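Note that the coordinates shown come from a computational prediction; the quantities given were computed from them, not determined experimentally. Proteins come first, then strands; the chains are lettered A, B, ... in the order of their sequence lines, and each starts at number 1.
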Amino acid sequence: MLTTIANLHNHIEEEVKIGVWMYNKRSSGKIQFLQLRDGSGTIQGVLLKNQVDSSIWDAAKNLTQESSLYVWGKVRKDDRAPSGFELDVINLEVIHIAEEYPIANKEHGVDFLLDHRHLWIRSERQRAILKIRAEIIRSIQSYLDSEGFNLVDPPVLTPSSCEGTTNLFHTKYFDEDAYLTQSGQLYMEAAAMALGRVYSFGPTFRAEKSKTRRHLIEFWMIEPEMAFVDHQGNLEVQEKLVSHVVQSVLTNCKLELKVLGRDISKLEKIQAPFPRITYDEAVERLQKAGVDFTWGDDFGAPHETLLAEQFERPLFITEYPTGIKAFYMKPNPERPEVVLCADMIAPEGYGEIIGGSQRIDDPVLLEKRFQEHDLPTKDYAWYMDLRKYGTVPHSGFGLGLERTVAWICGLEHVRETIPFPRMLNRMYP
RNA sequence: UCCCAAAUAGCUCAACGGCAGAGCAAUCGGCUGUUAACCGAUAGGUUGCAGGUUCGAAUCCUGCUUUGGGAGCCA
């Protein structure tokens with residue numbers, strides 16, 4: 001029966017069969033070392049010429065990088081092996097002799113690797129990142145589910161923009177114009193009025209000509225929305241969620257973090273509560289640091305980094321000027337020139353990973369905002385209805401998955417955090 | 001959209017106005033404990049494209065294409 005490499009520690013001194021790819025080989029005249037992987041882990045297979053059948057010896061000799069095969073062998077503890085185990089190969093059955101493999105066991109350029117992304121993900125480092133991405137998704141969902149949230153799926157095809165500013169991907173819905181979603185938030189507000197606490201998890205699309213290490217054209221967001229929760233309650237959910245996710249990765253992905261060379265001590269400090277500063281205070285801090293910045297402007301990436309560097313935990317910047325934020329955000333009743341919103345800025349220069357706010361629940365004010373922003377009221381009639389039929393205070397936020405993965409993994413660029421990145425000028429593979 | 005940089009063997013790079021080279025990968029051979037194994041040999045080229053300067057251009061100039069980094073915008 002087939003077992004996996006991750007499972008071999010349960011089979012010491014036993015004979016096992018595994019299905020594997022050979023990612024590297026080292027050999028001498030009378031001994032061969034096969035570097036084997038099966039997705040669950042890696043192990044070295046050892047063949048001694050005087051101990052295996054010559055046909056098996058020759059078959060092993062002919063294996064090329066990334067050839068696939070079944071291997072029968074005896075699991076042996078060995079302190080010389082990085083994983084602590086080796087496999088003494090008894091028999092093997094070749095499934096496929098791979099053609100010359102483009103990705104060598106050495107350094108490559110980014111362009112080349114992205115062109116071969118379908119193969120690049122086989123590498124130890126990329127596998128570690130995708131494992132951590134999966135763990136992050138798993139821990140987000142299990143946390144929200146355990147806190148009484150329900151997963152609700154908003155549509156991907158939408159009739160118009162949720163937040164007029166960003167560029168949308170245009171497509172056709174038969175004879176009508178349609179756009180790929182850039183946020184499911186407005187639909188989640190409707191869902192929160194039905195189910196109380198909800199969250200969405202899905203892809204979003206921005207046709208922005210952004211070319212930085214923090215941007216993708218297609219990326220995934222988690223968007224929780226909560227009825228009867230105010231601005232402060234919103235922040236508490238966010239910090240608890242993020243600390244839970246970081247601690248889950250620390251517990252369940254030790255090997256992967258080690259492969260990535262991540263500084264664990266920085267992640268261990270990520271415990272709720274997170275520091276909060278207002279926009280006003282952030283501006284003061286920037287000015288004190290010698291930055292020329294006027295109240296009312298939005299922060300750029302360098303500003304966020306400068307502020308985040310003053311803290312070891314993610315930083316909430318709250319209550320931005322109304323003019324630079326989205327139309328649906330609720331003004332502070334005591335100070336209507338700012339809104340009850342917060343951005344969560346990750347440490348170490350990873351930038352904004354969450355944007356959230358309390359939403360406008362007053363139908364009159366929302367109507368006014370539609371006029372001010374020149375939004376088509378017809379397209380948003382359903383959204384106005386939410387305020388007409390039992391409106392309640394409610395809040396929500398959007399968590400950018402790829403930026404979160406990049407931060408937790410300690411990566412230079414978000415392109416490695418998603419299996420097949422969609423970037424400006426790159427849609428292959 | 002703007003600013004900066006790069007493009008040479010399958011890959012990573014060198015050659016910077018005067019014979020286009022090395023390492024890795026590939027192929028062949030050697031080696032009984034290798035960890036990106038090592039050693040020897042073989043093969044591998046329209047120097048991104050188009051023009052220009054020059055006795056001579058991978059090298060200098062102009063345009064284009066592609067890619068990377070950054071800005072803006074955002075998650």
Side-chain angles (χ1 to χ4, degrees), chain A residues 23-35 42-52 57 61-62 64-66 76 78-83 86 88 98-116 119-120 123-125 162-168 182-185 203-223 297-305 324-326 343-346 350-356 397-407 412-415 417-418 423-426 428:
Chain A
Y23 66 91
N24 201 7
K25 176 170 67 175
R26 285 178 280 274
S27 66
S28 299
K30 290 173 180 134
I31 188 167
Q32 295 189 63
F33 302 100
L34 309 181
Q35 312 302 320
T42 61
I43 193 162
Q44 173 163 273
V46 183
L47 285 89
L48 288 168
K49 192 170 187 179
N50 61 15
Q51 284 174 26
V52 295
W57 176 262
K61 214 172 165 184
N62 288 328
T64 55
Q65 186 184 0
E66 290 301 313
R76 174 169 44 76
D78 194 314
D79 293 337
R80 289 170 294 191
S83 67
E86 284 192 343
D88 288 325
E99 294 178 29
E100 186 180 335
Y101 193 62
I103 302 179
N105 285 315
K106 63 175 302 250
E107 283 178 29
H108 294 279
V110 173
D111 188 33
F112 176 82
L113 288 170
L114 284 170
D115 280 340
H116 296 82
L119 302 175
W120 187 22
S123 73
E124 187 183 32
R125 179 183 161 81
C162 287
E163 317 180 20
T165 54
T166 40
N167 298 318
L168 304 178
Q182 62 166 351
S183 164
Q185 183 205 309
T204 51
F205 308 87
R206 305 269 166 100
E208 283 282 339
K209 304 246 172 184
S210 299
K211 256 183 91 166
T212 80
R213 67 182 70 184
R214 297 179 304 279
H215 288 87
L216 294 169
I217 301 300
E218 177 183 314
F219 65 97
W220 287 64
M221 274 210 293
I222 291 89
E223 296 183 279
D297 289 345
D298 205 354
F299 301 126
H303 302 133
E304 287 180 352
T305 302
I324 55 170
K325 283 293 176 180
D343 286 351
M344 188 193 289
I345 314 296
Y350 281 93
E352 182 183 349
I353 54 172
I354 287 182
F397 61 96
L399 170 73
L401 178 62
E402 284 75 19
R403 285 189 186 175
T404 304
V405 176
W407 163 49
E412 282 295 306
H413 202 300
V414 291
R415 66 189 162 210
T417 65
I418 188 165
M423 303 189 298
L424 197 62
N425 303 325
R426 187 183 286 283
Y428 177 91

Would you list the protein and nucleotides 1-7 of chain B atom pairs, both N or O, that sit under 3.5 Å from each other?
from, atom 1, to, atom 2, distance (Å)
B/rU1, O4, A/K209, O, 2.8

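- Spacing between atom CZ of A/R125 and atom P of B/rA36 amounts to 16 Å, rounded to whole angstrom units.
- Under the rule for a side-chain hydrogen bond (donor to acceptor under 3.5 Å, both in side chains), A/K49 has no partner lying at least two apart in sequence or in another chain.
- Residue A/I103 is classed as having no contact, given no heavy-atom separation below 4.0 Å to the nucleic acid.
- Here the straight-line distance linking atom CZ of A/R415 with atom CZ of A/R213 works out to 9.0 Å at 0.5 Å rounding.
- The separation of B/rA50 from B/rA5, taken at their P atoms, amounts to 24 Å, rounded to a whole angstrom.
- Here the nucleotide nearest the side chain of A/K30, chosen from B/rA75, B/rU32, B/rA71, is B/rU32.
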Identify each atom pair where a protein N or O and an N or O of nucleotides 43-46 of chain B are less than 3.5 Å apart, giving names and distance.
none

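- To the nearest 0.5 Å, the span separating CG on A/L34 from CD1 on A/I43 amounts to 11.5 Å.
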Can you give me the N/O atom pairs linking the protein to nucleotides 20-30 of chain B at distances under 3.5 Å, or say none if there are none?
from, atom 1, to, atom 2, distance (Å)
B/rG23, N2, A/K106, NZ, 2.6

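- With both ends at atom P, the span from B/rA20 to B/rG48 equals 15 Å, rounded to whole Å.
- A/G109 comes within 4.0 angstrom of the backbone, heavy atoms only, and of no base.
- Partners of A/R76 by side-chain hydrogen bond (donor to acceptor under 3.5 Å, both in side chains), not counting sequence neighbours, listed by chain and number: A/D78, A/E86, A/D88.
- The residue among A/K49 and A/H108 whose nearest nucleotide of RNA chain B lies closer to the 5′ end is A/H108.
- Along RNA chain B, the nucleotide closest to A/K25 and the one closest to A/R76 are compared, and the more 5′ of them pairs with A/R76.
- Contact annotation for A/H413: backbone-only contact, meaning every heavy-atom pair under 4.0 Å involves sugar-phosphate atoms and none involves a base.
- B/rC38 and B/rU32 are spaced 14 Å apart, taking the C1' atom of each and rounding to whole Å.
- Within 4.0 Å (heavy atoms only), A/D298 reaches sugar-phosphate atoms of the nucleic acid but no base atom.
- Residues passing the ring pair (Phe, Tyr, Trp, His ring centres under 6.0 Å) test with A/Y101: none are found, sequence neighbours excluded.
- Scanning atom types as modelled, no donor and acceptor separated by under 3.5 angstrom connect the side chain of A/N425 and the base of B/rU66.
- In this structure, CZ of A/F112 is placed 15 Å from C1' of B/rC13, rounded to the nearest angstrom.
- Remark: the separation of the P atoms in B/rC13 and B/rC31 is 36 Å, to the nearest Å.
- Not counting sequence neighbours, A/E99 has no partner by the salt bridge (charged side-chain N to carboxylate O under 4.0 Å, His left out) test.
- With sequence neighbours excluded, no residue forms a side-chain hydrogen bond (donor to acceptor under 3.5 Å, both in side chains) with A/Q65.
- Rounded to a whole angstrom, the distance from the P atom of B/rU66 to that of B/rC39 is 42 Å.
- Atom CG of A/L113 sits about 5.5 Å away from atom CD1 of A/I103, to the nearest 0.5 Å.
- Counting only distance, with no hydrogens or angles, the side chain of A/E223 and the backbone of A/G184 share a donor-acceptor pair below 3.5 Å.
- When the C1' atom is used for both B/rA15 and B/rU47, the distance is 11 Å, rounded to whole Å.
- Here A/H413 pairs with nothing under the ring pair (Phe, Tyr, Trp, His ring centres under 6.0 Å) rule; sequence neighbours left out.
- Using a 4.0 Å cut-off, no side-chain N or O of A/R213 falls inside it from OP1 or OP2 of B/rA71.
- Stacking here means ring centres nearer than 5.5 Å and ring planes tilted less than 30 degrees, and by that measure A/F33 does not stack onto B/rG33.
- Spacing of P atoms, B/rA58 relative to B/rC49, comes out at 11 Å, to the nearest Å.
- The backbone N or O of A/V414 lies less than 3.5 Å from no partner atom in the side chain of A/R403, so there is not a single donor-acceptor pair.
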What pattern of brackets, bars and dots sums up RNA chain B from 5' to 3', given Watson-Crick or G-U wobble pairs under 3.5 Å, [ ] for crossing pairs and | for another strand?
(((((((..((((....[..)))).(((((.......))))).....(((((..]....))))))))))))....

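- For A/D111, the salt bridge (charged side-chain N to carboxylate O under 4.0 Å, His left out) test picks out A/R426, with sequence neighbours left out.
- Contacts of A/I353 with the nucleic acid, taken as non-hydrogen atoms under 4.0 Å apart, involve only primed sugar atoms and P, OP1 or OP2.
- In this structure, the separation between CD on A/E402 and CD on A/E218 is 9.0 Å, given to the nearest 0.5 Å.
- Partners of A/E304 according to the side chain to side chain contact (heavy atoms under 4.5 Å, CB included) rule, which considers only residues two or more places apart in sequence or in another chain, are A/F299, A/I345, A/E352.
- A/M221 contributes atom CE, which lies 11.5 Å from atom CZ of A/F397 (distance to the nearest 0.5 angstrom).
- If you check every strand for non-hydrogen atoms under 4.0 Å, A/E86 touches a base.
- Atom CH2 of A/W57 is separated from atom P of B/rU32 by 9 Å (rounded to the nearest Å).
- Within 4.0 Å of A/A81, counting heavy atoms only, lies no atom of the nucleic acid at all.
- For A/Q44 against B/rU34, a side-chain N or O and a base N or O form a donor-acceptor pair under 3.5 Å.
- Separation of the P atoms belonging to B/rA22 and B/rA41 is 11 Å when rounded to the nearest angstrom.
- Here the P atom of nucleotide B/rC73 and the CG atom of A/L168 are 18 Å apart, to the nearest Å.
- Here OG1 of A/T204 is found 11.0 Å from CD1 of A/I217. Values are rounded to the nearest 0.5 Å.
- Contact annotation: A/R415 side-chain N/O to B/rU67 OP1/OP2 distance is not under 4.0 Å.
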